[in-house]
Amino acid sequence: MDLFAKVIVDVPTMQTNQPYDYYIPTAYQDQIVPGMRVEVPFGKGSRKVQGFVVNIVDQPAFEGELKKITDVMDLYPVLNEELLQLGKEMADKTFSFQITCYQTMLPAALKSTYEKKIRLIDEIPEDHFFDLFKGKNEISWQEAEDRGVLPKMAELKKKEAVETVYIVKDKVNKKKIRKIEPRLSFEQLEEEKAGLRKTAKKQKQLLDVLQQLSLSKKRSSTEALKKDYAIQSASVREAEKKGWLRIVEEEVYRDPFEHIDFERTKPLPLTSAQQKAFEAIHHAVNEQRDDVFLLKGVTGSGKTEIYLQTIAAVLEKKQTALMLVPEIALTPQMVKSFKGRFGDEVAVLHSGLSVGEKYDEWRKIEREEAKVVVGARSSIFAPVKNIGVIIIDEEHESSYKQSENPRYHARDAAIWRGKYHSCPVILGSATPSLESRARAQKKVYQLLELPERVNKKALPLVKVVDMRQEMKEGNRSSFSIPLQDGIRDRIKKGEQIVLLLNRRGYSSFVMCRDCGFVLPCPNCDISLTLHMDTRTMKCHYCGHEEAIPHQCPVCHSPKIRYYGTGTQKVQEELEAVFPDARVIRMDVDTTRKKGAHEKLLTAFGNQEADILLGTQMIAKGLDFPNITLVGVLNADTALGLPDFRSSEKTFQLLTQVSGRAGRADLIGEVVVQTFNPEHYAVQFAQKHDYDHFYQMEMNVRHQGNYPPYYFTVSITASHEEERIAARKMQEIIHFLLPHLQKDTIVLGPTPKAIARVNKKYYYQILIKYKYEPMLKPMLHQLLNQSQKEISKGLQIAIDSEPMDFI
DNA sequence: AGCACGCCGACT
DNA sequence: GTCGGCGTGCTC
């Protein structure tokens, strides 16, 4: 029977975002399974592209003539039924292409690279042969183009002396070995045996092996033949010529045997609160319920131990576990705690691995050698089977949402997979996102709380320093007097200090240095952003624009200026104030090199420095007992951002760094420097009071019609010419507005903060809605209609539930 | 994306 | 008259 494959091709456009039918050559019929990658000819020139087989049918839907699959790229499917389905739904939900989703779900090594070559197929004059082909019989298209010989090649093509060939390659070289398989049936082999001379012992032996293989339907490696029967490759080649067997190359797994012995740890006794939370989750695991738990517990309350014991319970049931942590929290310590408990059953996927290493780790999971997967965002697509629990630690982290296409949220994918496998999902955080906390309120998620630290230790004392006051008293440095005193004190005692510089919102808004006033938009209750290109203050939501103020409208101080400082500058300042202090700086500049991050942290852990100065990246996974003082140099830069999540982000950051101080037997102290000491995010963080912050922030979101009260979608249009982007945005609004519900709010269009990025102008709208069943189909329609313009350099990005608006 | 088909300007 | 510009539309 003829079989046909439905293939998603690697051509990321809206028009080609659908399966194409291909004829499966008989030779591949037993081989091809949905989820495998294949090479197919596509388009007029039948250039070869990579494709994913999504289905196999015995009747093609396409009426025209079908092309054939030209090669099978995998031995086993790289995507299973589950992931094929998830990818398809994700494409629909995130307004992206199926091919992009499938590629995102796989290690980069499996994305194909393409090569175009010109090959000689007929005799050409000798001089041409040398100056065009350099005496070879094929050259790359790129080389021909670079040497300017394409026109000549076109001539030869017309004469059918050359052809263009396309080569599809994997990014990494898979290790392959040569294997033999019989080409004749058992009986035919028997006949061959009868025809042999009596002295041809080796050949008889080979035929015996082939007969065995014929019965077992297996292959044997040429290496094994040599080893077990002393059959040399020459005999094999001979046999191949006689047509007894064929030689095939088969991929073998690389051996990633790196047995680093981790010190094994044992489960710790649980506190009663931990026990209660653990039991609730354990029940769901046992009963295979797809419940979503929100595990809320302050730093040090023992969330990790609950994860570990839940995973242990899942492994006991012969199931697997998937755990996501933010990329920056994927530290050696973190890995150690998992490998320490579960040993080699743990696979870790992180950005520090090379493409090949990531692929090997992925293979290890795929062939079910690893039962526990720990990794960042994209690990949610790890090919684990029979999942028993999915854990997302630090669930509030915005890095779980991918900021490029497909703009998926790992949390959504986790819940999807939880449903598919009928297993619980645990969202853990000390400061849950408002969305998740609100869902717990509505009993969509089950709230589990760990109110106390395991060691019953009090949370560190948080001192809020009013920087306006410091300014008034003539202190113009980045360090307030209380912070300076604290630093001096710790250095004297030989204790360590962490200083955090909040880079968020660096230099993009103006604030009064005397009273902390930040210029708000008269229409939107959100601060205005400084646009240096136009020298104006702009509102990102409504487009309101005004001049940059020269004095504070409230206190009339002339010290109103843009706010923000770099780590390097702070380091210099620090060294001037404390010439004897040893400082380690950690920011993008000092951690760019691979492994630098860990090296710096290890050095700090070994007490080679007194002060660790850094940006956001030091807020996480930093667990040194000797740190007794944490200073936040500028707590409120995020507060000045025109983002409705800025209070939430500030609260989360402050709470997070507070957790870094004094975790051992030393009492910790936190000094928070701010120009907004009375801001509720700062106030509630000082008191470690999430619940009241949550209530307050919910009110604010309710007032401003923001999530979780509204759903949001942002649409961005960009083009090299500003008016084209702006006009398209207008067009989009005109297209959408008539069909939207009365209570739906459309903000914009407004130009983006950095209006021109990569020579492109950006315009954006934000749609806030409660119920818009037609919005998704309309946005899909919009993308379809805009195809022509998109091919002319216009870009349209649709982001459902965007994380930021800057 | 990339290739071919198709309809208007400066050339042998 | 033709060669070739790149606008338009399709790819199983």
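Chain identifiers are assigned alphabetically (A, B, ...) following the order of the sequence lines, protein sequences preceding nucleic acid strands; residue numbering begins at 1 within each chain. Everything quoted here is computed from the prediction, not taken from an experiment.
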Any donor-acceptor N/O pair, [X] side chain to [Y] backbone, under 3.5 Å:
X	Y	value
A:Y22	A:P41	yes
A:Y102	A:D10	no
A:R377	A:S399	yes

Inset, instruction - In whole angstrom, give the distance that lies between atom CD of A:E115 and atom P of B:dG2. - result: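 From A:E115 CD to B:dG2 P: 14 Å.
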Inset, instruction - Measure from CE on A:M14 to C1' on B:dA1 and round the result to the nearest Å. - result: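 After rounding, the reported distance stands at 16 Å.
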Legend entry - Sugar-phosphate, base or nothing in reach of A:K48, heavy atoms under 4.0 Å: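 Nothing: the residue A:K48, judged by heavy atoms under 4.0 Å, touches no strand.
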Inset, instruction - Assign A:F97 to base, sugar-phosphate, or nothing according to its heavy-atom contacts below 4.0 angstrom with the strands shown. - result: nothing
Inset, instruction - Identify whether the distance between the nearest side-chain nitrogen and carboxylate oxygen of A:E731 and A:K728 falls below 4.0 Å. - result: yes
Inset, instruction - Identify whether the distance between the nearest side-chain nitrogen and carboxylate oxygen of A:D799 and A:K401 falls below 4.0 Å. - result: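 Yes, charged N to carboxylate O under 4.0 Å.
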Using the 3.5 Å cut-off, write out each protein N or O paired with an N or O of nucleotides 6-12 of chain C and the distance between them.
from	atom 1	to	atom 2	distance (Å)
C:dT11	O3'	A:G43	N	3.2
C:dC12	OP1	A:Y22	OH	3.4
C:dC12	OP2	A:K67	NZ	2.3
C:dC12	O3'	A:D21	O	2.7
C:dC12	O3'	A:K67	N	2.7
C:dC12	O2	A:D21	N	2.6

Would you mind writing out the side-chain donor-acceptor pairs for residues 77-86 of chain A within the sub-3.5 Å range, not counting sequence neighbours?
from	atom 1	to	atom 2	distance (Å)
A:N80	OD1	A:E82	N	3.1
A:N80	OD1	A:L83	N	2.8
A:E82	OE1	A:R417	NH2	3.1
A:E82	OE1	A:H421	NE2	2.9
A:E82	OE2	A:R417	NE	2.8
A:E82	OE2	A:H421	NE2	3.0

